[in-house]
A.B. asks: 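This is the structure, below, for whatever I ask next.
Values in this document were obtained by computation on a predicted structure and should not be read as measured data.
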Amino acid sequence: MEAANEPERTRTLLPLFPLGTVLFPGLVLPLHVFEPRYRTLVQHLTELPADLPREFGVVAIRRGWEVGRQTESVDATITAGESLSLYEIGCAAEIRQITELPDGRFDLMTVGRRRFRLLRLAPNDTPYLTGEVEWLPEPKGEPDREGELAAGVLAAYQDYLRAVRSDNDGEQLPDDPTVLSHLVAATASLTLEDRQSLLAEPDTVSRLKAERALLRREAALLGQVRAVPVALADLAIPSSPN
């Protein structure tokens with residue numbers, strides 16, 4: 001039913017910024033850019049017309065040496081070189097603030113905009129990677145399940161926050177189920193693989209279901225060890241050293 005209203009997926013070329021983290025729509029990602037190739041990327045983006053978004057694709061790096069495309073995995077990989085393979089699902093980051101430092105480095109404040117599927121790496125004459133991507137929609141999923149699941153994830157996440165910090169005075173959390181699903185995925189203490197799996201979920205309901213299970217898992221682990229692994233301030237997406 002919902003597929004009939006799904007917008008057509010458009011393809012485009014997008015500059016890529018591989019990172020050891022996962023970005024979600026609506027979440028803030030600060031970046032410190034010092035590598036020459038990514039300085040060039042920032043410079044190219046600043047030269048765009050004012051009416052065009054200054055955005056690039058954030059794709060998580062699958063750690064280790066080259067990994068072939070995995071057809072049975074939740075998320076496939078794209079090989080970018082002998083020692084680098086990228087997850088297939090990423091998120092575009094829009095630059096909201098640029099601070100150029102005296103030595104040519106940049107401090108960026110970016111915000112996740114929309115998910116994409118990386119179809120292939122596109123040949124280009126720039127020092128940074130460029131990919132052909134298709135934009136992914138954000139469907140709700142099963143009718144009438146969204147509100148129920150969001151309420152369950154909200155309660156589980158609040159319990160999780162109380163478990164990981166002692167000064168929890170009540171967190172102001174979004175009412176929108178899709179926004180909530182992205183926030184929980186980005187701020188709960190999860191592995192990169194868990195976050196990537198959540199980013200790749202096809203719709204909000206599927207993501208909320210997966211988060212409910214993950215939060216229950218984390219709550220059980222915290223109950224067993226009775227210790228907090230990290231402070232909540234450390235759970236947000238970290239600033240990249242790149």
A.B. asks: For L19 and L31: C-alpha separation, side-chain torsions, deciding distance, then whether side chain to side chain contact (heavy atoms under 4.5 Å, CB included) applies.
C.D. replies: CA-CA 10 Å; L19 289 173; L31 290 170; 3.8 Å; yes
A.B. asks: State, to 0.1 Å, how close A93 and L23 come at their nearest heavy-atom pair, and which atoms those are.
C.D. replies: CB-CD2, 3.6 Å
A.B. asks: Which pair of heavy atoms, one from L41 and one from P15, lies closest together, and at what distance?
C.D. replies: CD1-CB, 3.4 Å
A.B. asks: Linking I/L/V/M/F/W/Y whenever any side-chain heavy atoms sit under 4.5 Å apart, do V179 and V28 land together?
C.D. replies: no
A.B. asks: In sequence, state the C-alpha distance, the side-chain angles, and the governing distance for L215 and V153, and then conclude on side chain to side chain contact (heavy atoms under 4.5 Å, CB included).
C.D. replies: CA-CA 8 Å; L215 288 171; V153 168; 4.1 Å; yes
A.B. asks: Tell me if a side-chain donor or acceptor on R54 pairs with a main-chain N or O of L45 at a distance below 3.5 Å.
C.D. replies: yes
A.B. asks: Assign the ring pair Y157 / Y160 to parallel, tilted or perpendicular, where the plane angle (0 to 90°) is split at 30° and 60°.
C.D. replies: parallel
A.B. asks: Determine whether the side chains of T178 and T204 contain a donor N or O and an acceptor N or O closer than 3.5 Å.
C.D. replies: yes
A.B. asks: Are L27 and L161 connected, step by step, through hydrophobic side chains (Ile, Leu, Val, Met, Phe, Trp, Tyr) whose heavy atoms are closer than 4.5 Å?
C.D. replies: yes
A.B. asks: Would you please test F116 and V59 for side chain to side chain contact (heavy atoms under 4.5 Å, CB included) and show each step?
C.D. replies: CA-CA 9 Å; F116 62 82; V59 282; 3.6 Å; yes
A.B. asks: Are R207 and V184 side-chain neighbours, meaning at least one heavy-atom pair lies under 4.5 Å?
C.D. replies: no
A.B. asks: Where is the tightest heavy-atom contact between A188 and R195, given as atom of each residue plus distance?
C.D. replies: O-NH2, 3.1 Å
A.B. asks: Assign the ring pair Y128 / H44 to parallel, tilted or perpendicular, where the plane angle (0 to 90°) is split at 30° and 60°.
C.D. replies: perpendicular
A.B. asks: What's the separation between atom OG1 in T40 and atom CD in Q43, rounded to the nearest 0.5 Å?
C.D. replies: 5.5 Å
A.B. asks: Nearest 0.5 Å please: distance from the CD atom of E218 over to the CG atom of L190.
C.D. replies: 6.0 Å
A.B. asks: Of all heavy-atom pairs between P202 and P139, which one has the smallest distance, and what is that distance?
C.D. replies: O-CG, 3.3 Å
A.B. asks: Please verify the inter-ring angle class for F17 with F56; under 30° counts as parallel, over 60° as perpendicular, anything in between as tilted.
C.D. replies: tilted
A.B. asks: Between L14, L86, L129, which is the residue that forms a side chain to side chain contact (heavy atoms under 4.5 Å, CB included) with L118?
C.D. replies: L86
A.B. asks: Determine whether a donor-acceptor pair (N or O, by modelled atom type, separation under 3.5 Å) exists between the side chain of R39 and the backbone of V33.
C.D. replies: no
A.B. asks: Supply the atom-to-atom distance L13 CG to L121 CG, rounded to the nearest 0.5 angstrom.
C.D. replies: 11.0 Å
A.B. asks: Indicate yes or no for a side-chain donor-acceptor contact from R115 to the backbone of L199 under 3.5 Å, with no hydrogens or angles considered.
C.D. replies: yes
A.B. asks: Is a donor on one side and an acceptor on the other found under 3.5 Å between the side chain of R114 and the backbone of L136?
C.D. replies: no
A.B. asks: Of all the heavy-atom pairs spanning G20 and L192, show the shortest one and how long it is.
C.D. replies: O-CD1, 3.3 Å
A.B. asks: Keeping the roles fixed (side chain from Q196, backbone from I89), state whether a donor-acceptor pair exists under 3.5 Å.
C.D. replies: yes
A.B. asks: Counting N and O atoms only, with roles assigned by atom type, does the side chain of R117 sit under 3.5 Å from a partner on the main chain of E134, one being a donor and the other an acceptor?
C.D. replies: no
A.B. asks: Kindly compute the distance separating CD (E211) from CG (L180), expressed to the nearest 0.5 Å.
C.D. replies: 7.0 Å
A.B. asks: Give a yes or no answer on whether the side chain of T130 reaches the backbone of A122 with a donor-acceptor pair at less than 3.5 Å.
C.D. replies: no
A.B. asks: Could you measure the distance from the CZ atom of R105 to the CD atom of E35? Nearest 0.5 Å is fine.
C.D. replies: 13.0 Å
A.B. asks: Locate the shortest heavy-atom distance separating S206 from D203; write the atom from each residue and the value.
C.D. replies: N-OD1, 2.7 Å
A.B. asks: Are any non-hydrogen side-chain atoms of S197 and Y87 less than 4.5 angstrom apart?
C.D. replies: no
A.B. asks: Rounded to the nearest 0.5 Å, how far does CG of D159 lie from CG of L154?
C.D. replies: 9.5 Å
A.B. asks: With side chain to side chain contact (heavy atoms under 4.5 Å, CB included) as the test, would you mind laying out the steps for K140 and R145 before giving the verdict?
C.D. replies: CA-CA 9 Å; K140 302 297 184 183; R145 292 296 312 280; over 6 Å; no
